[in-house]
Protein chains: 2
Amino acid sequence: MILNFELYPGSRVTEGDMAAQFGVSRTPIRSAMQRLEAEGYLTVKPKQGCFVRPLDIDELAGYYQVRIALEMLSLELACTFMTDAQLKDLCEAWDPMFQKGRTTNAEKMEARDESFHMAIAAGGGNAAVAKYLQDIHHKIRPIRRLDFTEGARIDCTYEEHYQIAQHLLKRDLPAAQATMRAHIQRSEQFAKGLTLIQLAQKAGRKKFGK
Amino acid sequence: MILNFELYPGSRVTEGDMAAQFGVSRTPIRSAMQRLEAEGYLTVKPKQGCFVRPLDIDELAGYYQVRIALEMLSLELACTFMTDAQLKDLCEAWDPMFQKGRTTNAEKMEARDESFHMAIAAGGGNAAVAKYLQDIHHKIRPIRRLDFTEGARIDCTYEEHYQIAQHLLKRDLPAAQATMRAHIQRSEQFAKGLTLIQLAQKAGRKKFGK
DNA sequence: TTATACATCGTTGTATACAACGTAGTGTTT
DNA sequence: AAACACTACGTTGTATACAACGATGTATAA
């Protein structure tokens, strides 16, 4: 959605303005806003207006905790139900030797990373796990994207994904879980650092007006 | 919502009918339907109609798996962050010796049970855990209610909740987790059995028309 | 100068009318 | 008799007008 970038947290968004901006009536805008409210991106106060919810870093840490718990379950199911063929495909897709599929585009890389985690979740056969993991990925997307702005982190991601897939192929659940946990925590720590820098910059810009 | 009982899965629900039934216009009905669709209770096919989604038992098993994973995390956080005072309150509320707060009403009991699990989730300080657990509780509510139609299960629930709270108070995380896991699985097994019976009865009724 | 009452404005919530589209039923043709 | 085309109906999607209500600014009184 558009609110990932140019909308400041806390700012007001009225249905009328959005309708004029998109050239449609208030009805579909209203519908979209209700969906965004349900997803937690903005809160609508009756008869007052809609406000975009600021994302605070503690809340995101909470999502990462839940993510780890779900990824552990996801791996457990995948280790039981995914076929060797599926896991071999996964290994090949993330083999660090294959420089082909590599991309330096942060957005593309983030989509590829998400597809890795969702493939494991889907392979486990539990739709609820996949659903909640997808939801969390959406929630932490603005931060995760920062994770792939550095080439080193991309290399790391390839290596770790490959290891996880290999562990699964060998049906070594504890190793897969340990690697996944470390993978997620590393990514979180790195992204958290970059987010703090961005927040500081934003605060600086705000001081100088606009 | 009303779909918990008298609406057959797969049946069609039109906005116009609902609007007439509730005596309001289509607009708020439409809004509510979009919310229900987002929550997964019904699917709306463009230009065709809305259909209530049947709940299949495998899907519910998936939710129970996720629930266990989240409750384990919830306990871990609660064991770290909840105060002795909070835990003592919890113990008292579920002390089997106190026959006072007891209720035989399945709906009331289900609300009380939910409040126990949500209190632990809230006590851990992770809003995301609480949010997803709440969501799962809503999803499995139609089954869980069946769990409290028998007095024996109510006794069991009091006993198990009390033990969990006691373990937390003693800061014995593994014991609390083990008891919680058994508690949830027992509840699931029992409710699953009753659900199958209900489904069989419903199928039987359907055969005889109406 | 400060506090209070009031009026105006802007916003969301709701109702209603119309447009777009899919489905089912019917009539015709082969 | 069967298959196909067309028409009519019902449904959701959208636009617009109005109602309800909170907030803000202003004028008046103490």
Side-chain angles (χ1 to χ4, degrees), chain A residues 1-56 59 127 131 134-135 138-139 142 202-203 206-207 209-210, chain B residues 1-56 59 127 131 134-135 138-139 141-142 202 206-207 209-210:
Chain A
M1 301 297 162
I2 352 152
L3 66 101
N4 284 350
F5 12 100
E6 69 253 22
L7 252 43
Y8 280 87
S11 68
R12 210 170 70 158
V13 175
T14 68
E15 295 177 357
D17 292 351
M18 278 300 175
Q21 185 173 334
F22 283 95
V24 294
S25 96
R26 266 184 52 212
T27 311
I29 296 292
R30 183 177 178 72
S31 173
M33 285 216 178
Q34 286 184 352
R35 197 160 55 85
L36 289 175
E37 186 196 15
E39 290 174 7
Y41 289 115
L42 49 81
T43 64
V44 37
K45 291 188 175 182
K47 312 283 202 257
Q48 293 185 40
C50 304
F51 302 85
V52 327
R53 261 192 60 179
L55 52 83
D56 83 82
E59 187 181 336
K131 175 189 141 185
Q134 182 86 60
D135 190 57
H138 277 70
K139 286 284 191 306
K202 191 177 284 185
K206 214 167 188 178
K207 265 196 163 179
K210 192 55 198 283
Chain B
M1 300 298 162
I2 353 149
L3 68 101
N4 284 351
F5 10 99
E6 69 253 21
L7 253 43
Y8 280 89
S11 67
R12 211 169 72 159
V13 176
T14 68
E15 295 177 356
D17 292 350
M18 278 300 176
Q21 185 173 334
F22 283 95
V24 296
S25 96
R26 265 184 52 211
T27 310
I29 296 292
R30 183 177 177 72
S31 172
M33 286 217 177
Q34 286 184 352
R35 197 160 56 84
L36 290 177
E37 185 196 14
E39 291 173 7
Y41 290 114
L42 49 82
T43 65
V44 38
K45 291 189 174 183
K47 313 283 200 253
Q48 291 185 40
C50 305
F51 302 85
V52 326
R53 260 191 62 178
L55 54 82
D56 81 81
E59 188 181 334
K131 175 189 141 187
Q134 182 87 59
D135 191 57
H138 276 71
K139 285 283 189 308
R141 177 172 293 176
K202 192 177 284 185
K206 216 168 188 178
K207 266 196 163 180
K210 191 54 200 284

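First the proteins, then the strands, lettered A, B, ... as listed; each starts at 1.
Considering only heavy atoms from C-beta on, A:E37 stays 4.5 Å or farther from A:M33 through its side chain.
The side chain of A:K47 lies closest to D:dC21 when the candidates are C:dT16, D:dC21, D:dT11. Here the nucleotide nearest the side chain of A:S25, chosen from C:dT14, D:dT14, C:dT12, is D:dT14.
B:E59 has no carboxylate O lying under 4.0 Å from a charged side-chain N of A:K131, or vice versa, which leaves the two without a salt bridge.
Rounding to whole angstrom units, CD1 of residue B:I29 and P of D:dT11 are separated by 14 Å. Per the geometry, CG belonging to A:L36 stands 14 Å off P belonging to C:dT12, to the nearest Å. Between the C1' atom of C:dG13 and the NZ atom of A:K45 lies a distance of 17 Å, rounded to the nearest Å. Put simply, CZ on A:R26 is 8 Å from C1' on C:dG13, counting in whole angstrom units. Note: CZ (A:F22) to C1' (D:dT14) measures 16 Å, nearest angstrom. In this structure, B:E15 places its CD atom 12 Å from C1' of D:dT14, rounding to the nearest Å. Distance A:R30 CZ to C:dT14 P: 7 Å, rounded to the nearest Å. When rounded to the nearest whole Å, the span between CD of A:Q34 and P of D:dT14 equals 13 Å.
At least one side-chain nitrogen or oxygen of B:Q48 sits closer than 4.0 Å to the OP1 or OP2 atom of C:dT23.
Atom-to-atom distance recorded for A:T14:OG1 and A:F51:CZ is 10.5 Å, nearest 0.5 angstrom.
Ranked by how close their nearest DNA chain C nucleotide is to the 5' end, A:T27 and A:C50 are led by A:C50.
Of all the heavy atoms in A:L42 and A:V52, the pair that sits closest is CB-CA, 3.8 Å.
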